[in-house]
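Before any comments, here is the structure.
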Protein chains: 2
Amino acid sequence: MKRVTMADVAERAGVSKSTVSQYLNQRYEYMGEETKKKIAEVIDATGYQANTLARSLKQKRTFTIGVIVANILHIFSTQVIRAIEDVCHQQDISVIVCNADDDPKKEEKYITMLRAKQVDGLIVFPTGENKTLYDQMVQERYPLVFVDRLVEGLSVDTFLLDNKAALRLAVDYLVEKQHRYIAIITTSLIRHVTPRVERISGYRIALEQHDLPIHEEYIQGVNVEDISIALAHLLALTPRPTAIIAGNDLTLMEILKSIKRDKKHIPNDFALLGIDDVAYAPLFEPPLTTIAQPAFQIGEAAARCLLEKINSESMNDRRQPGIHRFQPKLVVRASC
Amino acid sequence: MKRVTMADVAERAGVSKSTVSQYLNQRYEYMGEETKKKIAEVIDATGYQANTLARSLKQKRTFTIGVIVANILHIFSTQVIRAIEDVCHQQDISVIVCNADDDPKKEEKYITMLRAKQVDGLIVFPTGENKTLYDQMVQERYPLVFVDRLVEGLSVDTFLLDNKAALRLAVDYLVEKQHRYIAIITTSLIRHVTPRVERISGYRIALEQHDLPIHEEYIQGVNVEDISIALAHLLALTPRPTAIIAGNDLTLMEILKSIKRDKKHIPNDFALLGIDDVAYAPLFEPPLTTIAQPAFQIGEAAARCLLEKINSESMNDRRQPGIHRFQPKLVVRASC
DNA sequence: CTGAAAGCGCTTACAG
DNA sequence: CTGAAAGCGCTTACAG
């Protein structure tokens, strides 16, 4: 019933706790064969399992990191999390994932909670609204890494898509396909979230480079619930857009639902290009052309970067934090 | 740089650690207003955050649970996890998720690791291959709950779909649609994993109830990589099945890929019914008829059950563990 | 080669 | 109403 403790093991093996501890930590250097064997036996017999909590308290290291995603509904988040978990578990680091649900209050709560739990570091998809908190961590030189979103004026390693390149790829391809009237729909812009903002601006830049005029009405940043309306609005415009870019997976899903509901035909009614290579993209009729984010690589890089920070003895051998951009890939199928 | 500790707060507030601790734990009963105010001030000024580790060590409670899923690639797992996280976070319980990747060795590692971390309880989608370990937890009366899979001879609360009912629903519907030649494909059966085994047997029972013969060749349990082959095999049989049931989401995805590749037409070439109501089901052409699992409810119930166990003071007010079946729902669309 | 002692940062009877 | 002391289960110099 009661868990066996190191003291118990020591007693039963007739040695001191220190020796058991040495044994556990493989500090065999000066340990007698006899002693080793005895301890091994007792551990085996009792099924003793060291209490990580106690060790962590003493060592000031929990071998656990926290991940706070802004919104877990995006598959991008899910994929990044998986990558993080993969690299962490390989190194016997646990990860606690929290979903801020795009709510800065929740984000604050989770940051506080995870730090109280003494996690060794944090990977966050920042809502952007808790600058004081972020800044405090930077000041303390607490191991911190951002993913997907930039926070202005903060020197934190940030891993994200090269959004500008993504939109350049998208627009280039659509133009090549003879489209001149290209619209874009994405989820709400009110919070100035990096990917959305950068994708819109990337869109503008790309159009300009093709000497195409920018119709402000062609740019729709609306709540998920209103995407269907935004789409209808777009299709009622003159000139009517012949191609539409879905700014992310959630947007794409909504557009697809509208298409089914209204029995539109792609690419005849309009060409469609999605950002985020969703799993069902090849299954849709027609198969969807998308821009893929290297989510796995982003997550992996973020995790490695964080672990490196955690392991860097002196704060000094840490490099200057920077922005790490990852290249998008165009996956050509048949929707445009 | 250095984190401020309770001793620091006590000193600066001119009181003892005990008092600070009382304050933190809202044991205000006998506390002077003055004292309260002073402590509050110091905490505010220093940004003091209690170290949960130390508290946990003393209280023998970490306010953290572990979740080990057999295979995170199933959306069912993802949805259950989300539900668990939702109910836990509401109660300020953190959750650490691990993916055993269908590997009993990994499962063992994670169980050991999580218990070493002193998590207050465990929700596991058991691989089924670590009976000794499971049994040990049962013996210790360690809070444990299973999801999705039964482990024979073990008295553990288990939350899962009523698989038999699910197949009854499926077969009933197909029969109603005039199908007499109904086949089923699912992922490998070698490990005798509950959902697969029960779905096959549910399929048999349902066919019998309709006085339909059972063609053993119509039952395919194969590895994911071989699903496409199994499908081709099925379609080459005489009599050729007119309807196919996909045993889970991964199977469905593979079948769909084959369909696209071979330019088959649903439901003309054959009717298709999937278990797991995947997000893209309404988007496929034709929209897919599926059997939905109440994944969210299952996760929620499992989490509540675990938290209850954790909170039940005496072991005695614990109910007898049992099997909790959840009812499937037929979502009629157009693929059969 | 091994052990005694202090300490990590809390909580919790208990005394006063 | 508040504090001294012991203790949670480890690790880590240090002594011998």
Side-chain angles (χ1 to χ4, degrees), chain A residues 1-40 42-43 46-64 112-113 115-120 313, chain B residues 1-40 42-43 46-64 112-113 115-120 313:
Chain A
M1 196 88 267
K2 205 171 139 289
R3 299 209 73 180
V4 13
T5 167
M6 183 177 277
D8 301 335
V9 175
E11 192 182 6
R12 289 185 54 160
V15 299
S16 76
K17 286 192 300 170
S18 320
T19 308
V20 177
S21 178
Q22 311 275 37
Y23 175 85
L24 254 25
N25 292 294
Q26 328 241 25
R27 301 192 63 73
Y28 297 142
E29 296 139 46
Y30 306 107
M31 202 170 296
E33 280 306 320
E34 275 299 281
T35 318
K36 263 199 251 184
K37 207 176 302 171
K38 253 188 312 185
I39 296 177
V42 176
I43 287 180
T46 54
Y48 169 69
Q49 260 301 125
N51 180 329
T52 310
L53 239 45
R55 165 183 298 152
S56 293
L57 182 59
K58 185 72 198 182
Q59 288 188 160
K60 298 174 170 307
R61 191 105 150 60
T62 53
F63 301 94
T64 304
T112 311
M113 178 198 249
R115 296 216 51 195
K117 272 192 189 301
Q118 313 299 116
V119 297
D120 297 333
E313 304 295 308
Chain B
M1 198 86 263
K2 205 171 138 293
R3 296 208 76 180
V4 12
T5 168
M6 183 178 278
D8 301 335
V9 175
E11 192 183 6
R12 288 186 52 160
V15 299
S16 77
K17 284 193 301 171
S18 322
T19 307
V20 177
S21 178
Q22 311 275 40
Y23 175 85
L24 252 26
N25 293 294
Q26 328 242 26
R27 301 193 62 72
Y28 297 143
E29 296 136 47
Y30 307 107
M31 200 170 298
E33 279 306 320
E34 276 298 281
T35 318
K36 264 199 250 182
K37 206 176 302 170
K38 251 187 312 184
I39 297 176
V42 176
I43 288 180
T46 55
Y48 168 70
Q49 259 302 125
N51 180 330
T52 309
L53 239 45
R55 165 183 298 152
S56 293
L57 182 58
K58 186 73 200 182
Q59 290 188 158
K60 297 174 170 308
R61 189 104 150 65
T62 53
F63 301 93
T64 304
T112 310
M113 180 198 247
R115 295 214 53 194
K117 272 191 190 300
Q118 314 297 116
V119 296
D120 297 333
E313 303 296 308

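Throughout, protein chains are lettered first and strands after them, A, B, ... in sequence-line order, and every chain is numbered starting at 1.
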Q: Taking salt bridge (charged side-chain N to carboxylate O under 4.0 Å, His left out) as the test, write out the residues that go with A:Arg115, two or more places apart.
A: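 Salt bridge (charged side-chain N to carboxylate O under 4.0 Å, His left out) list for A:Arg115, sorted by chain: A:Glu140.
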Q: Would you please name every residue forming a side chain to side chain donor-acceptor pair (under 3.5 Å) with A:Asp120, sequence neighbours left out?
A: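 Only A:Arg61, A:Thr62 meet the side chain to side chain donor-acceptor pair (under 3.5 Å) criterion with A:Asp120.
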[X] has an atom [atom1]; how far is it from atom [atom2] of [N], in whole Å?
X: A:Tyr23; N: D:dG9; atom1: OH; atom2: P; answer: 21 Å
X: B:Leu53; N: D:dG9; atom1: CG; atom2: C1'; answer: 12 Å
X: A:Lys117; N: C:dG9; atom1: NZ; atom2: C1'; answer: 16 Å
X: B:Met6; N: C:dT11; atom1: CE; atom2: C1'; answer: 8 Å

Between N or O atoms, less than 3.5 Å apart, protein on one side and nucleotides 6-8 of chain C on the other: list the pairs.
unit_1 : atom_1 : unit_2  : atom_2 : d
C:dG7  : N3     : A:Lys58 : NZ     : 3.1
C:dC8  : O3'    : A:Lys60 : NZ     : 3.0

Q | B:Ala116 to A:Gln49 - nearest heavy-atom pair and separation | A |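 Looks like CB-NE2, 3.6 Å.
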Q: Please determine if a side-chain N or O atom of A:Gln118 lies less than 4.0 Å away from the OP1 or OP2 oxygen of C:dG9.
A: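 No, outside the criterion.
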Q.
Can you list everything that forms a ring-ring contact (aromatic ring centres under 6.0 Å, His included) with B:Tyr23? Sequence neighbours excluded, please.
A.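 Once residues adjacent in sequence are excluded, the partners of B:Tyr23 under the ring-ring contact (aromatic ring centres under 6.0 Å, His included) criterion are B:Tyr28.
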Q.
More than 12 heavy atoms of other residues, nucleotides or ligands under 6.0 Å from CD of A:Glu11: yes or no?
A.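 No, the 6.0 Å shell around CD holds no more than 12 heavy atoms from other groups.
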Q.
Using a 4.0 Å cut-off on heavy atoms, which residues in residues 32-40 of chain B reach DNA chain C? List them by number, or say none.
A.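 Close to the strand, none.
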Q) Pairing of DNA chain C as dot-bracket, 5' to 3': ( ) intra-strand, [ ] crossing, | other strand, . unpaired, with Watson-Crick or G-U pairs under 3.5 Å? A) |||.||||||||.|||
